[in-house]
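Just below is one structure, and these are the notes that go with it.
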Amino acid sequence: MSLSSFIATLSRTIVLPGLSRRTGEPCRVVSTRQLVLACDHAEDIHLVGCLDQRGEVYRVAVRDIIAVQQRLIVHAEELPADGRVVQTLESLAPASFSYKADGTPYTFCSLDTQNSVELIGAWASRDGGITAQMIPICGFLIPATDPLIPPCRQIGHLWPNGDFARPSGAAIVSFVRSPGVMFAARYPQELAERVIIRNSIVWGEAWVPGDISEEVIGHAADIHRQCTPRKHTALTHDLLARALERPPVEDLGDLRHDYAPTSRTARMIWHNGYTRNGVCISPDHTASHLFVTAFESSGGKAPGRRKLCGKGTSSSKR
């Protein structure tokens, strides 16, 4: 049976890790309300791309959809094989990695961009430097064994480079009154291994969050009793068929500013433990552990890295 392509319009804007149109490597965050799907009516429905706010077509780093929030897909239509969207996708560089996700340790989740959460994450560069910053986050990695409804452990924050930074926190307790996770997909095994290797080289095993405590579980349960979590459903052929019968969405809205609630000048940024003004991060700060490498924690001193200031003090970089 021939492969069919569909475009699904969403009720909310989500984010996806997008691929370079030239190299096929993850390189950007794409805000989208239009998913490009492929199926042959005998297999699962796969995500093969998306359209951004300008209608530009992108390949994305996830393919196997686990679940969508109920009522997220409001319309769908079949795409002609010789149409612009399908032809553009075929002209883009293929993914530089395998999409195989059997046994992947991670799930990719996206919130609605209007409900982004400002969180701190850290990125280790190839030269050994560590940059941490607080930015609006809509995309997460969580363990594949954790539920989409918190509490769940944080593995990575989707950064503007389309890859995942190490979170400063260990767990997400709740999204309180926000809709929560809108979309979830399996993160490819090969890309997951890249995250594991990169973080382990810098932070050792210390970067992997441990089990969620009973206290956190109880706190999340208290919140759920007050704010009932929204349900998720699998993206099935029946769900897609119902979406094909719904009328088109005429106005997709303006997505250009809905993923940047914090100005660049107001962002909190540290490089190797210091702010842009040269002030050392306090050891009491929630992000201070992001600058302790595996080498340093074992008693060594990494080349070119400055020791954190003493407890309760701050100093300028000389």
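Applying the side chain to side chain donor-acceptor pair (under 3.5 Å) rule to Asp222 yields the partners Arg225; only residues at least two apart in sequence or on another chain are considered. In terms of the salt bridge (Lys or Arg N to Asp or Glu O under 4.0 Å) criterion, Arg22 has no residue partners (sequence neighbours excluded). Arg21 pairs by the salt bridge (Lys or Arg N to Asp or Glu O under 4.0 Å) definition with Glu56, not counting sequence neighbours. With sequence neighbours left out, His75 forms a side chain to side chain donor-acceptor pair (under 3.5 Å) with Glu77. Partners of Pro147 under the side-chain contact (heavy atoms from CB on, under 4.5 Å) rule, at least two apart in sequence or in another chain, do not exist in this structure. Remark: Arg12 engages Asp112 in a salt bridge (Lys or Arg N to Asp or Glu O under 4.0 Å) (not counting sequence neighbours). For the ring pair (Phe, Tyr, Trp, His ring centres under 6.0 Å) test, no residue two or more places apart in sequence or in another chain qualifies with Tyr58. For Ser5, there are no side chain to side chain donor-acceptor pair (under 3.5 Å) partners two or more places apart in sequence or in a different chain. Residues that satisfy the salt bridge (Lys or Arg N to Asp or Glu O under 4.0 Å) test with Glu193, not counting sequence neighbours, are absent from this structure. Listed by chain and number, the residues in a side chain to side chain donor-acceptor pair (under 3.5 Å) with Arg198 are Asp163 (sequence neighbours excluded).
For the side-chain contact (heavy atoms from CB on, under 4.5 Å) with Tyr187, the lone residue among Thr107, Leu141, Ile155 that qualifies is Leu141.
Contacts classified as ring-ring contact (aromatic ring centres under 6.0 Å, His included) and involving residues 114-140 (residues at least two apart or in different chains) are given here: Phe140-His157.
The main-chain N or O of Thr88 is found under 3.5 Å from a side-chain atom of Ser91 such that the two form a donor-acceptor pair.
Taking Ile, Leu, Val, Met, Phe, Trp and Tyr as hydrophobic and joining them when side-chain heavy atoms fall under 4.5 Å apart, one finds Ile212 in a cluster with Val173, Val216, Ile217, Ile223.
Trp203 and His289 have their aromatic ring centers separated by at least 6.0 angstrom.
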